[in-house]
Amino acid sequence: PGDRSGMTTPTSSSRPLRLTDIGDLIAAVPALLGFRPARSLVVLSLSPVTTRPGETGTATIGAVMRHDLLLDGPRDGTRDPMREAFRRFRAVCAREEAESVIAILVDDRLQDPHGPAAGRAHTLLEEFAAYLATADIVLGGALAVPTIDAGATWFVPGGDDAGTVPDPDASVVAAARVFDGNPIR
């Protein structure tokens with residue numbers, strides 16, 4: 001998440017939308033999924049977009065996937081349902097020819113960037129990165145947020161970056177999805 005050069009998401013009625021802020025990316029998740037996730041691991045597959053010399057790099061969001069986030073588990077490794085989710089995410093990303101992914105953990109237990117839940121999230125993300133690496137896919141970014149609501153604070157597990165989520169109902173992606181006739185529950 002240190003590189004904030006941008007990502008695009010395709011819409012059917014217009015040209016791609018550009019997201020350049022991490023908070024805006026998180027706010028777009030309910031529109032991308034069609035609902036607000038809770039206690040979830042959301043994975044966005046990313047494919048690079050060729051740029052001209054002098055332009056900043058961008059990536060296109062491909063598949064958007066979600067699985068129940070299981071933070072409670074043995075400290076010696078991730079629970080088997082999470083490992084199976086990692087395998088499925090890796091397979092979809094490989095099929096999409098994604099070069100990297102962004103993982104967003106949405107969980108009300110992720111209030112404190114230095115709390116025990118954040119530590120478990122960091123461990124889970126390290127294992128996910130290892131699964132992805134076996135298919136030459138990079139975990140390009142990982143974010144955590146207690147809920148996807150206006151004013152919620154996001155952070156990078158194991159890092160120092162943090163910020164605020166803008167109103168998901170007012171995001172450009174939400175507006176485009178509704179305009180295209182896709183409901184958001």
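For reference, positions follow the sequence shown, starting with 1. Since this is a predicted model, take the numbers as computed values, not measurements.
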Considering all heavy atoms, the nearest [X]-[Y] contact:
{"X": "His122", "Y": "Pro157", "result": "ND1-O, 3.4 Å"}
{"X": "Leu33", "Y": "Val64", "result": "CD2-CG1, 3.6 Å"}
{"X": "Ile61", "Y": "Leu46", "result": "CG1-CD2, 3.8 Å"}
{"X": "Ala27", "Y": "Pro166", "result": "CB-O, 3.7 Å"}
{"X": "Ile148", "Y": "Ile26", "result": "CG2-O, 3.5 Å"}
{"X": "Pro168", "Y": "Ala150", "result": "CD-N, 3.7 Å"}

Worksheet entry | Any pair counted as side chain to side chain donor-acceptor pair (under 3.5 Å), so long as it reaches residues 106-117, sequence neighbours left out |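 Non-adjacent pairs meeting side chain to side chain donor-acceptor pair (under 3.5 Å): Arg39-Asp108, Asp72-Arg109, Asp107-Arg109.
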Worksheet item: Do Leu44 and Phe35 belong to the same hydrophobic cluster, where Ile, Leu, Val, Met, Phe, Trp and Tyr are linked whenever their side-chain heavy atoms lie under 4.5 Å apart, directly or via other members?
Response: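 Yes, one cluster joins them.
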Practice prompt. Using the side-chain contact (heavy atoms from CB on, under 4.5 Å) rule, take Phe128 and Phe89 through it: C-alpha gap first, then chi angles, then the decisive distance, then the call.
Written response: CA-CA 9 Å; Phe128 183 40; Phe89 289 154; 4.0 Å; yes
Worksheet item: Do Trp154 and Asp161 have side-chain heavy atoms sitting under 4.5 Å apart?
Response: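 In contact.
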Practice prompt. May I ask you to test the Leu71-Leu110 pair for a side-chain heavy-atom distance under 4.5 Å?
Written response: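 Side-chain contact under 4.5 Å: yes.
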Item to complete: Just jot down the side chain to side chain contact (heavy atoms under 4.5 Å, CB included) partners of Ser40, sequence neighbours excluded, or say none.
Response: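 If we apply the side chain to side chain contact (heavy atoms under 4.5 Å, CB included) test to Ser40, skipping adjacent residues, the hits are Pro37, Val42, Arg66.
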Worksheet item: Partners of Pro113 by side chain to side chain contact (heavy atoms under 4.5 Å, CB included), sequence neighbours excluded?
Response: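 In terms of side chain to side chain contact (heavy atoms under 4.5 Å, CB included), with neighbours along the sequence ignored, Pro113 is linked to Phe155.
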Discussion item. Nearest 0.5 Å, please: how far is CG in Leu69 from CE in Met82?
Written reply: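 Going from the CE atom of Met82 to the CG atom of Leu69 covers 5.5 Å.
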Worksheet entry | From Phe86 atom CZ to His67 atom NE2, the distance as rounded to the nearest 0.5 Å |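 One gets 9.5 Å once the value is rounded to the nearest 0.5 Å.
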Worksheet entry | Pairs where residues 86-96 contributes a residue and the test salt bridge (Lys or Arg N to Asp or Glu O under 4.0 Å) is met, not counting sequence neighbours |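 Sorted pair list: Glu84-Arg87, Glu84-Arg88.
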Fill in: salt bridge (charged side-chain N to carboxylate O under 4.0 Å, His left out) partners for Asp149, two or more places apart
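Salt bridge (charged side-chain N to carboxylate O under 4.0 Å, His left out) check on Asp149 returns Arg36.
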Discussion item. What verdict does the side-chain contact (heavy atoms from CB on, under 4.5 Å) test give for Val156 and Leu143, after you've listed the backbone C-alpha separation in whole Å, the side-chain angles of each residue and the deciding distance to 0.1 Å?
Written reply: CA-CA 5 Å; Val156 175; Leu143 307 164; 4.0 Å; yes
Can you give each donor-acceptor pair under 3.5 Å made by side-chain atoms of residues 97-105, sequence neighbours left out, with the distance rounded to 0.1 Å?
none

